[in-house]
Amino acid sequence: MNVKRLTTPKVNVQQLQEKLGHAAKESKKRRFHALYDKVYRMDILWEAWRRVKANKGSAGIDGETLSDIEKQGEPFFLYECHRLLKEGNYHPQPVKRQYIPKKDGKLRPLGIPTVRDRVIQMATKLVMEPIFEADFQESSFGFRPKRSAKQALDRIRKAGNRKGNWAVDVDIQGYFDNINQEKLMKLVEMRISDRRILKLIRKWLNAGVMEEGMVRRSDLGTPQGGVISPLLANIYLNYFDILWERHGSGFGELTRYADDFVVVCKTKKDAERAHKLIHAIMDRLELTLHPTKTRIVGLWTGKEGFDFLGMHHRRTKAETSQGKVYYTTQQWLARKAEERIREVVKERLAPPNMRHQAFLDHVEWLNPKIQGWKNYYYTAYSQLKLAKLDWYILQRLTRWYAKKRQRARWMNSLREVRFLANQCGLKTLL
């Protein structure tokens, strides 16, 4: 008797992605023409919905939240997505523009697409991603499956230890807002010939941004905050990665994470050549390098270093157990990352309206954050900085506790807070 095995949407998606990825690797020139019907498959839409829901996020311009969709019924919502796509009646809505304040007083624009647009973009990404993954280079780490910032940091550390005495630290000015859409579409078309998929991507690029009741459209950039945006951004900069491998790999080793990248070189001459080549390729992509944030850094003296992905990188002296001196690339959390951690802790514990919370509530809120910071920032060379941050967290908790108990001198509560922190299982960065 044959028993048919039940598969989940997640398993189905993995199987489809393996097939597409394998086909793309087999033939580097193959263009895929039958993808659109896969985007509106119900199992793909269910998996897309599961991922969007896991990412949380707020409502777009239509005001529809994730919980609204759960109340009305997820199957109904997904069938509606399926029907709109199948009948060719799906039209994305403009992205809702919000601004969050940055430390320098400037505002960072944030784009929030509607939940429906996020789900359909996710379904499209699930189908497209394995095809382009076959073309992406070893040097690229940002927003890619099974790749992480930690791996990028490890690659830089190793490149520095292989006589990498110079680095070109690169910052692209307003990258996501300045991608040339026509050039991007040409790069997508090199792998996808399905006209309905291409039309779908064009719709997202042209959907525009809703700000103060007005819709603004631009022929530059990718959809702000869109699920598909990081993939499109990687497709665009993959052109840079390929040209670098072809013409620049002799100058130094490239490590790229989305629009931030570093080239580690052996000599100053190589670093200067690398800088010149980066400029030339960026001109071709119609992108501009940030004039002050893009720089050549001399690592060999140990007097200079650079920040990348929240870590500071610097060559410093070290000693073997036999007392032999050597230089090694060390990484510790950057000042900006340190300030950000302090900010997050202060924002939680300083406001007067937080005084009614229980000690345990704060510990339960802080613990996953502390664990996340420790997982990412802990290195042998970060220990001193992490110890200072542990003290800062304890100090902030003590100040909060003293105010809750209406005590004038917070230091008098330190012993009590240490005991409570221990009892409640407060985690530490060290």
Side-chain angles (χ1 to χ4, degrees), residues 51-58 65-67 98-105 108 110 112 142-143 148-154 225 257 307-312 330-430:
R51 294 191 188 199
V52 167
K53 200 162 67 162
N55 289 339
K56 297 177 180 163
S58 49
T65 63
L66 292 163
S67 54
Q98 281 189 340
Y99 290 93
I100 52 168
K102 283 162 72 173
K103 272 213 299 232
D104 57 8
R108 186 193 299 280
L110 210 66
I112 308 165
F143 308 111
S148 69
K150 290 284 270 187
Q151 290 171 324
L153 292 169
D154 201 42
Y257 193 95
D307 291 349
F308 184 69
L309 298 177
M311 297 295 265
H312 184 73
Q330 298 184 357
Q331 296 169 328
W332 57 82
L333 79 161
R335 189 182 291 154
K336 263 189 181 175
E338 209 179 322
E339 285 169 3
R340 180 71 195 124
I341 290 172
R342 287 172 189 266
E343 219 172 76
V344 169
V345 174
K346 189 178 176 181
E347 277 171 11
R348 170 73 185 187
L349 297 171
N353 65 350
M354 278 296 170
R355 282 173 210 163
H356 70 278
Q357 295 270 10
F359 194 95
L360 187 61
D361 290 340
H362 286 311
V363 170
E364 284 176 352
W365 187 89
L366 284 166
N367 272 351
K369 289 196 163 32
I370 291 169
Q371 190 60 55
W373 293 327
K374 184 176 182 171
N375 292 349
Y376 188 78
Y377 292 112
Y378 182 87
T379 71
Y381 311 108
S382 280
Q383 289 181 359
L384 195 63
K385 287 175 180 287
L386 295 178
K388 281 182 182 172
L389 285 169
D390 274 334
W391 164 240
Y392 179 80
I393 292 167
L394 192 67
Q395 188 186 314
R396 272 281 152 209
L397 268 170
T398 310
R399 285 174 185 273
W400 165 84
Y401 187 76
K403 281 182 176 160
K404 186 180 173 80
R405 294 274 180 274
Q406 295 178 334
R407 293 172 186 169
R409 293 170 67 88
W410 66 270
M411 281 296 279
N412 295 343
S413 304
L414 189 59
R415 203 181 200 169
E416 210 177 322
V417 169
R418 276 190 202 275
F419 174 78
L420 281 169
N422 220 15
Q423 289 288 100
C424 296
L426 178 71
K427 293 190 175 189
T428 59
L429 289 157
L430 268 186

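Below, all heavy atoms of this structure are taken into account, side chains as well, without hydrogens, waters or symmetry copies. This is a predicted model, so every value here is computed, not measured.
- No more than 12 heavy atoms of other residues, nucleotides or ligands lie within 6.0 Å of CD in Gln406, so this atom counts as exposed by the packing criterion.
- Distance check: Gln423 CD to Leu426 CG gives 12.5 Å after rounding to the nearest 0.5 Å.
- Salt bridge present: Arg407 and Glu416 bring a charged side-chain N and a carboxylate O closer than 4.0 Å.
- Contact annotation: the side chain of Lys385 never approaches that of Tyr377 to less than 4.5 Å [non-hydrogen atoms, C-beta and beyond].
- Closest of all the heavy-atom pairs between His362 and Met354 is NE2-O, 3.5 Å.
- Formation of a donor-acceptor pair under 3.5 Å by the Thr379 side chain with backbone atoms of Trp332 is not found in this model.
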request  = Take Glu343 and Arg348 through the salt bridge (Lys or Arg N to Asp or Glu O under 4.0 Å) test and state the conclusion after the steps.
outcome  = CA-CA 9 Å; Glu343 219 172 76; Arg348 170 73 185 187; over 6 Å; no
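- A distance-only check finds no donor-acceptor pair linking the side chain of Ser382 to the backbone of Tyr378 [under 3.5 Å].
- Looking only at side-chain heavy atoms (C-beta outward), Gln331 and Tyr381 stay at 4.5 Å or farther from each other.
- Under 3.5 Å, the side chains of Asn375 and Gln371 contain a donor-acceptor pair of N or O atoms.
- Taking both residues in full, the closest heavy atoms of Val363 and Cys424 are given as CG1-O, 3.7 Å, listed atom of the first, atom of the second, then distance.
- For the pair Lys53 (side chain) and Ser67 (backbone), a donor-acceptor distance under 3.5 Å is absent.
- Separating the NZ atom in Lys388 from the CG atom in Leu384 is a distance of 5.0 Å, to the nearest 0.5 Å.
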Residues Arg335, Glu338; criterion salt bridge (Lys or Arg N to Asp or Glu O under 4.0 Å); working and verdict = CA-CA 5 Å; Arg335 189 182 291 154; Glu338 209 179 322; over 6 Å; no
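- For the pair Ile112 and Ser58, the minimum side-chain heavy-atom distance is below 4.5 Å.
- Judged by distance alone, the side chain of Glu364 and the main-chain N or O of Asp361 form no donor-acceptor pair under 3.5 Å.
- Looking at heavy atoms from C-beta onward, Ile341 lies in side-chain contact with Trp373 at the 4.5 angstrom threshold.
- No donor-acceptor pair under 3.5 Å is formed between the side chain of Lys336 and the backbone N or O of Gly310.
- For the pair Leu420/Leu397, no side-chain contact is recorded, criterion being any heavy-atom separation below 4.5 Å from C-beta on.
- Asn367 places a side-chain N or O within 3.5 Å of a backbone atom of Gly425 that can act as its donor or acceptor partner.
- Note: Gln395 CD to Trp391 CH2 = 5.5 Å, rounded to the nearest 0.5 Å.
- In this structure, Lys403 fails the cation-pi test against Trp400, since its NZ or CZ atom is not both closer than 6.0 Å to the six-membered ring centre and inside 45 degrees of the ring normal.
- The aromatic rings of Tyr401 and Phe359 stand perpendicular to each other, their planes meeting at an angle above 60°, with 30° marking the opposite boundary.
- In this structure, the side chains of Leu66 and Val52 come closer than 4.5 Å at one or more pairs of heavy atoms.
- Between Tyr376 and Leu309 there is a side-chain heavy-atom pair separated by less than 4.5 Å.
- When atom types are taken as modelled, the side chain of Asp390 and the backbone of Thr428 share no donor-acceptor pair closer than 3.5 angstrom.
- To the nearest 0.5 angstrom, Leu389 atom CG is 10.5 Å from Glu339 atom CD.
- The shortest side-chain heavy-atom distance between Leu386 and Leu333 falls under the 4.5 Å cut-off.
- Between Lys346 and Pro351, the shortest heavy-atom contact is O-CD, 3.7 Å.
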